[in-house]
Amino acid sequence: MKLTGAEIIWECLIREGVDVVFGYPGGAILPTYDAMTKYPQIHHVLTRHEQGATHMADGYARASGKVGVAIATSGPGATNMVTGIATAMMDSSPIVCITGQVGSRALGTDAFQETDVTGVTLPVTKHNYLVTKTADIARVIREAFYIAKSGRPGPVLVDITKDAQQLTAEFDWEAAAPKLPGYRPSLRALPSEYERALELINSAKRPVILAGQGIKLSGATAQVLELADTARIPIAVTLLGLGVVPASSPFNLGMMGMHGEAWVNQAIQQADLLIALGMRFDDRVTGNLKTYAPHAKKIHVEIDPSEVNKNVHVDVPLIGDLREVLEELLPKVRTSDRGEWWAKIAEMKGDSAVRDIQALPDNGHLYAAHVINDLWRATKDRETIVVTDVGQHQMWEAQYYRHEKPRSLITSGGLGTMGFALPAAIGAKFACPEKDVWVVVGDGGFQMTSCELATAEQEGIKVNVAIINNAFLGMVRQWQEFFYEKRYAATPMTGPDFVKLAEAYRLNGLRCDKRAEVNATVKATLADKRTTVVDFVVEQEDAVFPMVPAGADLDAMIRRPKREILAESGADKEWQMPNGESAAVSELALTGGPSKAASVPAAKRKPAPSLKKKSARTAPVAKAGKSKRR
Amino acid sequence: MPKHTLIAYVEDVPGVLNRVASLFRRRNFNIDSLTVGRTEQAGVSRLTVVVDATDAGARIVEANLYKLVNVLRVDDLTHKPALNRELGLVKVKVTAATRSQVLEFVDMFRARVVDVDEESLVIEVTGTPEKIGKFEMVLRPYGILELVRTGSVSMARGHDKLTANPPLVRAEVRSGAAADDHSHAGISMSV
Ligand SMILES: Cc1ncc(C[n+]2csc(CCOP(=O)(O)OP(=O)(O)O)c2C)c(N)n1
């Protein structure tokens, strides 16, 4: 059957099981949009920006485990996609981006809206294609989907010239896996490696499992829990791994890394064996590599061989699919109680509990951590996906929302992309329409892609947006507070009246600035059928604790003061800096800060004048000072 | 920094050289030389890449090369008996007085004169990169007007035939030492 290239694109998408695509039209992709009218079985979501389309495809992929699809025109449309593609690349999210390209005769002439998109996206795609012939389209799209979802998943871009979309070719589609002689996504670990791994696991006294999102990607939750249970091994979880084992599992210690739980990092540093499962020893997770887990042998189960020995020397690599590897190992793992090790961990935990901000009674001020924790309480019995943006709120979400299931948290971990949350949440909602989708986002990141509210409105879908509004680029402000002597250069930030903004989009807007009202606000949010934006007006100058300064030893954390001691004596108002230095705790972080701030609606709230003056005076020289600590 | 000689067999598709070169830049490895040409197999090109890397670094390069969809096979010839050859063309100044001295060097290096002019000779020389370096050194006092080198091509000695379906990642790649020399590892100061 002869079809146009544009028709072939849609025929292929249907055969790949695609039911929704996110995109934005333009001249070079117009033939494909025109052909779309013949394929009503695929729903097209018109986004407000191509970045939004890629994040939506990404959110869809992360929520469903299927491949997400984004479409854009050539040149500016395609370059707008780059941030979303890079985000998907860093977090191994399978998406296929289809872009229009100028006619093949015009290639290389700087034609209107021509950009070398395969060149631009080469470093941020798993693979990409420039297609100039109609006859190649079907094969290339087949390959693109196969590459995107197999092995270590990732984004694939297919750039198709306008004439290739317009001309016709014989359409035949092969269901079989494409033949790619250089691409071998399913590797197998070697028998000798299994033997060595078993020896280490069975003889370890203080083992820790490091659980990454590879567990989710290979569907190995049950196997990981069985390993932990059989050998009584504690599990530390990466940011992207949150949810791969239930937060409530007695084996789950919690999150590791820069803003991980203190006892988790301490346990890793004291471990004699790390069993890394589908994680990649990111610098946010290891801290200083020279002192990382110094007593531990390391087993690394990983599907991507280039991750093995990249950052950390590994004693036993097991390259292959996680579930297969664990299934092979499990029957030979010896049972053990490791009582001493668990006793030690309990000791370390005790010290941290007294520093938890949750222990702070309601003092009339709204802390982000409380908002998140109350949000969790109010939504935990419903099927909920939380999508976060990047910043302090992201870390508080990770710390205070207890994820029980894989794919219940979606967050930009590797690239740390502000502006990710709202569009990714819209994508997730398309993947899981029956679930509640919550966006947890800072006032800064929200303003980067808030235009996608219009997409939610046009599509009539409901996502719930919790803006954690501190009138600051909070996480950067925290670094300035800790390492740049509080020179708040370019971090105080005003925003619009978010309630009115929601209303302007014909959506529902709410505001909440009291802890006692969080629960009711969440209920009201869920009760409204429309997408609802809640402006949670929180403490302006709170910090995320603990914190491992970038490049510091993993257990050299800046800690929140022990609250009980504080309450008694008021003496110990100091952070413990990792090098033994101490810094005065901002009164604000403890007692509730500039007391007026919390009660003033964010829209009217101005950055404290003193801060503004200060930043004007000192900007932009951010002298290294304490930040040199590596 | 020690040098490593890697051979990559790649599918002969547009942009593949760009993909390989981009990988080295992206992973912060310096390419010393890179040559590419056809092989006995239709549709397969062969690259010889000399790269500044330690053994551990080379393992990382190798594993990353394997991630490129169009890369069929990678070999590291650094520690194997191998032939390394390069071609150099040297245009050197000569006078009536120096001509015979230069020709003597041409003889000694088993090079060939391929163009003769009143005031210059063009000499073709093949051999290991070291040999060509030496040749350049001895001619320099006469005045080198132009010099061009192709970069190294390499081949393993003997009939250690490439298997049709090589192991994707050799054992050394799996169990290499951590790449201490990989300077970016571990430190990042961005928020
Ligand atoms: C696109 C992008 N630009 C800049 C940054 C650097 N950055 C990281 S966190 C942060 C502040 C985020 O502020 P906000 O969105 O208000 O969230 P908060 O930290 O206050 O919760 C910034 C600017 C980033 N991660 N992404």
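Every heavy atom of this structure was used, including side-chain atoms; hydrogens, water molecules and symmetry mates were not. The chains referred to below are lettered A, B, ... by the order of the sequence lines, with proteins before strands, and numbering in each begins at 1. None of the values given here were measured: they were computed from a predicted structure.
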_A:His259: partners by ring pair (Phe, Tyr, Trp, His ring centres under 6.0 Å), with sequence neighbours left out_ =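 Per chain and number, A:His259 pairs via ring pair (Phe, Tyr, Trp, His ring centres under 6.0 Å) with no residue.
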*Could you tell me whether the side chain of A:His127 reaches within less than 4.5 Å of the side chain of B:Asn70, counting heavy atoms only?*
yes
_Residue among A:Gly119, A:Gly151, A:Pro181, A:Gly391 with most heavy-atom pairs under 4.5 Å to chain B_ = A:Pro181
[X], [atom1] atom: more than 12 neighbouring heavy atoms under 6.0 Å:
{"X": "B:Lys131", "atom1": "NZ", "value": "yes"}
{"X": "B:Gln101", "atom1": "CD", "value": "yes"}
{"X": "B:Lys93", "atom1": "NZ", "value": "no"}
{"X": "B:Arg38", "atom1": "CZ", "value": "no"}
{"X": "A:Lys149", "atom1": "NZ", "value": "yes"}

*Checking B:Leu68 against chain A: side chain, backbone, both or neither under 4.5 Å from a heavy atom?*
backbone
*Contacting moiety of B:Val69, where chain A heavy atoms sit under 4.5 Å*: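 Contact with chain A involves both backbone and side-chain atoms of B:Val69.
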*For a side-chain contact (heavy atoms from CB on, under 4.5 Å) with A:Ser306, tell me which candidate from B:Asn64, B:Val61, B:Ile60 qualifies.*
B:Asn64
*chain B heavy atoms under 4.5 Å from A:Leu130: which part of the residue, side chain, backbone, both or neither?*
neither
*A:Leu122 versus chain B, heavy atoms under 4.5 Å apart: side chain, backbone, both or neither?*
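Both parts, backbone and side chain.
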*asked:* Rounded to the nearest 0.5 Å, what separates atom CG in A:Asn128 from atom CZ in B:Arg19?
replied: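 Result: 4.5 Å between the selected atoms.
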